[in-house]
Amino acid sequence: IEKEAARKEAAPPDAAAARNAKKLELLLEISKALSRQQEVDKLLESVVDFTFQVMDVDRVSILLHEPGGTDPIPRISKSRLGEGSASARHVPKSIVGQVVNERVAILTDNAAEDERFKGKSIMLQSVRSAMGAPLMSSQGSVLGLLYVDSLTATHAFTSDDLDFLIAFSGVASIQMSRSFVYRGSVW
């Protein structure tokens with residue numbers, strides 16, 4: 001019995017448990033790094049950079065509501081594919097609308113066939129898979145959203161990826177709220 005117990009203790013954790021542990025470790029490291037940033041633009045840059053490091057995505061955008069504005073606008077966007085920033089900054093309005101208006105994270109693993117997003121921009125941009133998560137203030141208002149996509153593959157993201165994006169956007173939201181307060185903005 002002792003040998004069996006020792007063997008179980010020495011056995012490596014299954015792949016899913018190892019991935020989950022790595023994701024939690026990454027969230028902790030991201031949270032620590034973001035907490036050091038007070039300047040909004042540097043904070044947003046860090047969020048985008050961490051997204052590329054952690055997730056297999058082609059493009060990342062952060063859209064934020066400007067004070068007095070109605071629709072969130074791109075504050076920072078980057079593409080792994082080396083395209084110009086203009087194409088990276090264009091996030092499909094149908095996805096933005098659902099994430100912001102319904103305050104929900106979304107995952108579409110085949111954007112062109114997804115009935116929820118029948119806008120022209122998805123087809124024009126050749127978005128294959130996409131995820132978006134709202135960035136929420138501590139008062140419950142929507143600051144904006146974190147958007148990622150894949151232009152190269154359908155089914156590029158899983159529900160685990162969406163869960164990670166939700167957790168990551170929560171960490172980023174807290175730090176953004178702190179940064180906005182530090183800057184003197186009201187959200």
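FYI, the numbering just counts along the sequence from 1.
- Between M131 and L146, the closest side-chain pair of non-hydrogen atoms is not below 4.5 Å.
- With sequence neighbours left out, T51 forms a side-chain hydrogen bond (donor to acceptor under 3.5 Å, both in side chains) with no residue at all.
- Under the 4.5 Å side-chain heavy-atom criterion for grouping Ile, Leu, Val, Met, Phe, Trp and Tyr, L63 is connected to V104 within one hydrophobic cluster.
- What you find for A130 and I95 is that their closest heavy atoms are CB-CD1, 3.9 Å.
- Nearest heavy atoms, L151 versus R128: O-CG, 3.4 Å.
- Although no hydrogens or angles enter the test, the distance criterion places no donor-acceptor pair under 3.5 Å between the side chain of S141 and the main chain of S137.
- Under 3.5 Å, the side chains of N110 and T154 contain no donor-acceptor pair of N or O atoms.
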inquiry  = Please evaluate residues S129 and D149 with respect to the criterion side chain to side chain donor-acceptor pair (under 3.5 Å), reporting the C-alpha separation (whole Å), side-chain torsions for both, the decisive distance (0.1 Å), and the verdict.
reply    = CA-CA 6 Å; S129 299; D149 67 20; over 6 Å; no

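- A salt bridge is defined here as a Lys NZ or Arg NE, NH1 or NH2 lying under 4.0 Å from an Asp or Glu carboxylate O, and K42 with E45 fails to meet this definition.
- Looking only at distances, no side-chain donor or acceptor of S150 sits under 3.5 Å from a matching main-chain atom of A156.
- For the pair R75 (side chain) and G144 (backbone), a donor-acceptor distance under 3.5 Å is absent.
- Pairing each heavy atom of H65 with each of T70, the nearest pair is CE1-O, 3.1 Å.
- To the nearest 0.5 angstrom, L24 atom CG is 9.0 Å from L26 atom CG.
- One N or O on the side chain of R80 and one on the backbone of F52 form a donor-acceptor pair closer than 3.5 Å.
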Walk me through whether D71 and K93 qualify under salt bridge (Lys or Arg N to Asp or Glu O under 4.0 Å). CA-CA 10 Å; D71 295 325; K93 288 184 179 184; over 6 Å; no

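- Contact detail for V127 and A111: the closest heavy-atom pair is O-CB, 3.5 Å.
- The CG atom of L107 lies 9.0 Å from the CG atom of D114; values are rounded to the nearest 0.5 Å.
- The backbone N or O of G97 lies less than 3.5 Å from a partner atom in the side chain of N101, making a donor-acceptor pair.
- By the 4.5 Å heavy-atom criterion applied to side chains, M55 and D161 are counted as neighbours.
- Distance CD1/I76 to CG/L44: 6.0 Å, rounded to 0.5 Å.
- Among all heavy-atom pairs drawn from I166 and A133, the shortest one is CA-CB, 4.4 Å.
- In this structure, S173 contributes its side chain and M136 its backbone to a donor-acceptor pair below 3.5 Å.
- Contact record, F168 with V47: CZ-O, 3.6 Å, taken as the closest heavy-atom pair.
- When side chains are defined from C-beta on, V100 counts as touching P72, because their heavy atoms get closer than 4.5 Å.
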